[in-house]
Amino acid sequence: MLSFPYALKLKYRFIDSCTLKKCFYSSSVSEDLGCRRGEFSRKHYGSVELLISSDADGAIQRAGRFRVENGSSGENTDYAPGTWHRTDVHLENPEYHTRWYFKYFLGKVHQNYLGTDAEKNPFFLSVVLSDQNNQRIPQYHSILWRKTGTQKICLPYSPTKTLSVKSILSAMSLDKFEKSPREIFHPEIQKDLLVLEEQEGSVNFKFGVLYAKDGQLTDDEMFSNETGSESFQRFLHLLGDTITLKGWSGYRGGLDTKNDTTGTCSIYTVFQGHEIMFHVSTMLPYSRENKQQVERKRHIGNDIVTIIFQEGEDSSPAFKPSMIRSHFTHIFALVRYNKQNDSYRLKIFSEESVPLFGPPLPSPPVFTNHQEFRDFVLVKLINGEKATLETPTFSQKRQRTLDMLIRSLYQDMSPDLHKGNNMLNRRSFSDVLPESPKSTRKKEEARQAEFVRLGQALKLKTTVKGDTTTNLATAGFCKKEPWESQSFCSNFPHEVVCADSWGQSLLVSTDAGILLIDDGQPSVPVFDKTLQIKQMNVLEALDLLIARTDKGKDSRVLVFRLSAIQKAIETKKMIRSKYDCRENKLERTKGCHLYAINTHHGSELRIVVAIRNKLLLVTKKYNSLNILTSTSLLSSPESPVEEFQYIREICLSDPPVVMTLVDGPTGDSDNMICVAYRHQFDLVSESTGESYRLHHVETNRVNFVAAIDVYEDGEAGLFLCYNYVCQYRKVYPFSGGSPLIQPSAYDFHFSWNQVPYAVVCAFPYVLAFTTDSIEIRLVVNGNLVHTAVVPELQLVASRSDIYFKATAAVSGSFDSTSKEMSSKSSPQTLTAYEKPEFPLPSLEGEVPCKNLYKIPLSNLVGRSIERPLKSPLAHKVITTTTLSGFTSLPVTHSLSLSRMEIKEIASRTRKELLGLLDESVPKTECPQKLKNVSRRQSDPKQGAVRSSKPKLDCYSERCHLSTSSDPDTLANREESSPSSYPFQLISLYDEDIIDLK
């Protein structure tokens with residue numbers, strides 16, 4: 001059983017039977033927030049060590065600094081086995097989410113612009129108005145091509161508000177130009193822009209595999225092994241298929257497929273759409289005369305990632321990366337096989353400059369499930385190679401290449417922009433998709449038809465050549481993901497203002513009043529609509545409800561006892577109104593517009609209330625044991641206002657827009673408040689009121705989103721979120737009365753693809769909520785792992801489980817609508833300047849409704865939170881289900897086509913276009929079964945992949961096809977029919993089928 005690095009020790013509290021009648025079971029503050037905030041630590045990703053290798057005589061040969069990952073040590077392991085699930089094994093920055101130009105632009109009408117910035121560096125801008133995977137969400141996808149790399153943003157579409165090129169560039173922080181952008185109309189620009197996108201890295205990979213016998217300490221000895229052991233052969237059998245190189249038409253990874261100069265066979269596989277060729281040392285040519293085995297080193301020494309399979313016991317001399325003489329290899333994966341328990345042990349060495357990449361190794365890093373080990377290794381190696389491309393060695397080369405390509409393309413395209421002063425060249429700062437003059441309409445129609453035809457041909461050629469992942473060509477990798485949601489409340493008719501979880505229920509502020517909602521039960525009114533709550537926090541452990549009500553001068557902070565509300569619900573008393581809450585108002589809080597509480601467990605509750613530019617600090621002392629006893633509940637007054645005490649008032653220069661409390665290391669006089677206003681984030685000392693500049697935003701317009709406090713190895717850090725940017729800043733302890741705010745090697749930043757309105761941390765993930773999507777990244781490095789399209793998305797609550805509201809179209813007419821829309825992209829049906837038509841939310845036969853959904857926190861953090869949670873509406877103890885025990889919304893499934901299948905489809909399509917076939921295959925028909933690349937049927941015990949290329953079976957259109965041969969996966973899929981779910985988190989890598997008819 002693997003151990004999860006973010007697993008935290010849970011504390012259980014016991015309450016006598018008398019208390020059960022008065023209140024529900026609840027978790028302590030540490031239990032509620034421990035899994036969400038965790039003890040974030042980079043130690044799970046290894047530590048940098050100076051590794052020195054020596055020969056048999058003890059003489060030092062080489063030395064190097066590498067980050068060594070050997071499974072985290074020192075984490076708490078006193079938890080019940082089987083209560084967690086691994087969730088963080090994901091490909092980072094997957095191509096089906098990052099290769100935007102191939103996915104959204106190529107083969108579709110879009111605009112490309114050329115300009116130079118204030119430093120006279122040329123840039124290109126590409127803009128397309130597209131539908132988010134036929135989810136009726138029109139959006140502008142924009143790519144800015146510069147020598148430093150690509151910047152991608154998604155902008156909402158509004159039929160009433162025009163969007164100009166200038167506004168798009170301004171959103172990308174590009175406001176000053178040496179030459180204003182001009183549109184490029186030549187269709188051949190698509191080929192050049194695709195080349196620019198391919199500079200991000202290859203979608204296929206080649207990894208070295210080096211066999212080392214027990215006791216071998218030099219690379220010459222390792223490369224001189226002619227054959228491997230039986231355990232090594234089983235390991236190769238686990239990695240992939242043995243293929244014959246001569247005549248091989250797939251990805252070859254630099255090997256000779258014509259004359260057998262690099263051996264006769266090799267190991268090959270396809271993993272999540274990526275083709276992988278392994279350079280196996282024992283399969284490459286061996287020379288008895290050449291002790292250095294140059295032919296073998298020529299391939300393995302030029303691989304970024306190399307697997308070292310080392311024989312021998314753990315007590316044998318350990319492998320060190322400095323044993324291998326290579327300036328190119330940055331990552332070594334050391335694999336050992338244990339015959340006694342049929343397990344593999346993994347250890348990762350990464351060159352010091354390689355950024356952190358996941359997934360982190362379990363503790364101990366021992367795998368008894370061979371299939372799980374294979375998936376983990378391949379994900380780790382692919383992520384490692386992508387991370388290596390961000391090191392200075394590779395990033396500088398990529399930047400020089402991009403600079404050369406962009407400048408060359410700029411010089412080629414510049415003369416065309418100055419030919420004549422026609423009407424088309426006047427569109428530089430007009431709408432992205434404008435109406436054309438009548439005199440040029442026919443010419444523009446022909447240009448667009450040729451533009452689309454060339455783009456679709458280029459897309460097909462790229463797919464057949466294998467320069468894109470199979471997922472990009474067809475969509476879909478079937479896998480149950482931790483962020484899959486569950487339906488919580490169907491057809492919720494009210495507008496949600498704010499909410500917070502209360503046990504397993506949800507306390508919601510709506511336009512109809514305050515309601516208590518539980519899954520499967522009717523909502524219960526708690527307060528009527530005269531009480532307008534704008535912000536709330538439910539603190540079960542303290543028996544408190546904190547709320548900010550009304551607005552403007554009438555705004556107040558109110559505090560209620562949950563036990564009193566619970567009692568009113570049980571006795572069915574009259575619904576309370578605004579006028580029944582006079583005794584619940586906190587003093588001095590009139591006119592407040594914002595408040596924040598400390599969320600990290602401590603000895604006291606702190607509330608900071610913002611009243612214009614003044615901060616009011618209020619605290620409440622409570623029992624350190626955090627236990628609600630029946631005596632304390634019966635003796636406490638109904639209003640807890642008297643338990644709060646005013647501490648001090650702090651003045652700021654401006655009213656804060658975002659506010660977060662940060663706990664100091666001692667919690668005595670070093671607590672801080674992070675505030676955002678104007679163009680900056682500041683830290684304010686709670687004890688002295690002094691403010692310190694934390695971060696200044698260098699943009700004209702700032703949209704502050706959030707400041708999230710995280711704690712890395714006990715030290716505070718902050719995620720500062722604004723516009724498209726999320727910046728991590730580490731806050732060091734106070735030194736001489738002020739916090740040390742200075743640049744750190746631990747600081748990093750990343751950009752969202754769309755401006756979020758809310759950001760939620762659920763380790764190891766950070767989730768951004770936009771108006772129509774959830775963007776999921778890793779906390780440790782900001783790398784993207786998934787983007788889910790959610791129509792009309794509204795985040796409702798996120799303190800424990802994540803609740804959101806979204807639109808679900810309950811009907812079966814969606815498929816036909818999708819096909820109609822995809823057919824409109826055909827050149828024969830294209831109309832000049834025609835904007836994409838997006839169906840209205842409510843069509844005939846559809847019943848659009850707003851539903852509430854829940855993403856369980858236990859699924860995200862990788863283990864179940866086994867604490868007794870009782871709903872205020874039920875008299876039974878409910879335990880949070882584990883990942884395998886709930887019915888979730890499935891990810892859309894589809895096939896991954898092999899290159900041979902794509903070639904046959906392309907050949908048939910060409911024959912249809914030339915009229916060489918008697919009948920064309922109807923669109924509603926699935927293709928017949930095609931010949932597939934054979935793959936062995938391996939022993940289930942060894943967990944090897946059954947098939948690297950799935951067969952195409954002829955199902956009906958509505959069938960969800962499988963790429964997995966795992967019996968458990970197939971069984972689960974049959975049990976969870978897609979028709980039984982009202983809503984799905986649609987994956988963004990669902991690609992439209994290329995239409996050449």
Side-chain angles (χ1 to χ4, degrees), residues 99-128 141-152 165-166 168-169 172 174 176-202 395-430 432-434 436 440 443-462 465 467-468 827:
R99 297 294 176 94
W100 276 21
Y101 194 77
F102 181 92
K103 179 178 178 181
Y104 296 112
F105 292 75
L106 205 57
K108 300 175 183 176
V109 176
H110 63 275
Q111 282 70 48
N112 299 296
Y113 298 86
L114 169 64
T116 54
D117 58 21
E119 286 76 27
K120 299 184 179 181
N121 294 315
F123 66 84
F124 289 86
L125 175 69
S126 300
V127 184
V128 65
H141 286 84
S142 306
I143 305 177
L144 179 62
W145 315 85
R146 308 178 79 174
K147 68 176 185 179
T148 54
T150 59
Q151 185 179 351
K152 304 163 189 171
V165 177
K166 188 174 182 180
I168 295 175
L169 292 173
M172 295 178 166
L174 186 58
K176 297 180 180 180
F177 314 100
E178 197 267 337
K179 287 185 179 180
S180 299
R182 305 294 297 271
E183 187 171 357
I184 305 170
F185 297 98
H186 204 289
E188 293 292 334
I189 186 66
Q190 297 176 91
K191 184 183 299 183
D192 298 305
L193 294 179
L194 186 62
V195 172
L196 291 182
E197 185 172 72
E198 290 172 352
Q199 302 309 308
E200 295 180 9
S202 174
S395 62
Q396 291 172 6
K397 292 180 181 179
R398 182 174 64 250
Q399 182 169 331
R400 287 195 298 268
T401 303
L402 278 174
D403 189 24
M404 180 188 67
L405 291 174
I406 291 176
R407 289 186 182 277
S408 175
L409 184 57
Y410 176 80
Q411 293 173 0
D412 293 341
M413 293 295 172
S414 293
D416 295 337
L417 299 179
H418 301 289
K419 288 181 180 179
N421 189 21
N422 57 49
M423 292 296 295
L424 294 180
N425 280 341
R426 297 179 185 177
R427 295 170 50 188
S428 57
F429 282 106
S430 60
V432 173
L433 292 175
S436 66
T440 60
K443 182 184 295 185
E444 182 63 10
E445 286 182 12
R447 187 195 70 83
Q448 288 188 0
E450 175 63 16
F451 192 92
V452 171
R453 187 200 65 79
L454 192 145
Q456 290 187 345
L458 184 60
K459 194 168 193 175
L460 181 61
K461 179 181 179 182
T462 305
K465 194 169 64 171
D467 289 340
T468 180

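Position 1 is the first residue of the sequence, and the numbers go up from there.
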Handout entry: Value rounded to 0.5 Å, distance of CZ in Phe185 from CE in Met413
Key = 12.5 Å
Practice task
Locate the shortest heavy-atom distance separating Arg398 from Gln199; write the atom from each residue and the value.
Solution key: CD-O, 3.1 Å
Handout entry: Interatomic distance, Lys191 atom NZ to Leu106 atom CG [nearest 0.5 angstrom]
Key = 11.0 Å
Problem - Approximate separation, where rounding is to 0.5 Å, of Ile189 CD1 and Leu194 CG - result: 11.5 Å
Handout entry: Which residues share a side-chain contact (heavy atoms from CB on, under 4.5 Å) with Thr116, sequence neighbours left out
Key = Pro122, Glu178, Lys179, Tyr410
Problem - Side-chain donor/acceptor of Gln190 to backbone N/O of Pro187, under 3.5 Å - result: yes
Completion exercise
Nearest heavy-atom contact between Lys108 and Val452 is C-CG2, 4.2 Å
Fill in the blank from the handout: Interatomic distance, CG@Leu196 vs CG@Asp192, rounded to 0.5 Å, equals 7.0 Å
Exercise for the section: Answer yes or no: is there an ion pair linking Arg447 with Glu444, defined by an N-O contact shorter than 4.0 Å? Expected result: yes
Completion exercise
Looking only at heavy atoms, the pair that brings Lys147 and Gln399 closest together is O-CG, 3.2 Å
Handout entry: Side-chain (Glu197) to main-chain (Trp100) donor-acceptor, under 3.5 angstrom
Key = yes
Exercise for the section: With sequence neighbours left out, write down each residue that passes side chain to side chain donor-acceptor pair (under 3.5 Å) with Arg400, or none if nothing qualifies. Expected result: none
Exercise for the section: Answer yes or no: is there a side-chain heavy-atom contact under 4.5 Å between Pro181 and Leu169? Expected result: yes
Exercise for the section: Report the distance from atom CH2 of Trp145 to atom NZ of Lys152, rounding to the nearest 0.5 Å. Expected result: 7.0 Å
Practice task
Going by the side chain to side chain contact (heavy atoms under 4.5 Å, CB included) test, name the single residue among Asn112, Ile143, Ile184 that passes it with Leu193.
Solution key: Asn112
Problem - Donor-acceptor under 3.5 Å (Lys176 side chain, Asp117 main chain) - result: no
Handout entry: Candidate list Leu402, Leu174, Asp403, Asn121, test side chain to side chain contact (heavy atoms under 4.5 Å, CB included), partner Arg146, passing option
Key = Leu174
Problem - Residue list, ring pair (Phe, Tyr, Trp, His ring centres under 6.0 Å) with Phe105, at least two apart or on another chain - result: Tyr101, His110
Exercise for the section: Mind listing the closest non-hydrogen atom pair of Gln111 and Val109 along with its distance? Expected result: NE2-CG1, 4.4 Å
Problem - Spacing of CD belonging to Gln151 relative to OG belonging to Ser142, to within rounding of 0.5 Å - result: 10.0 Å
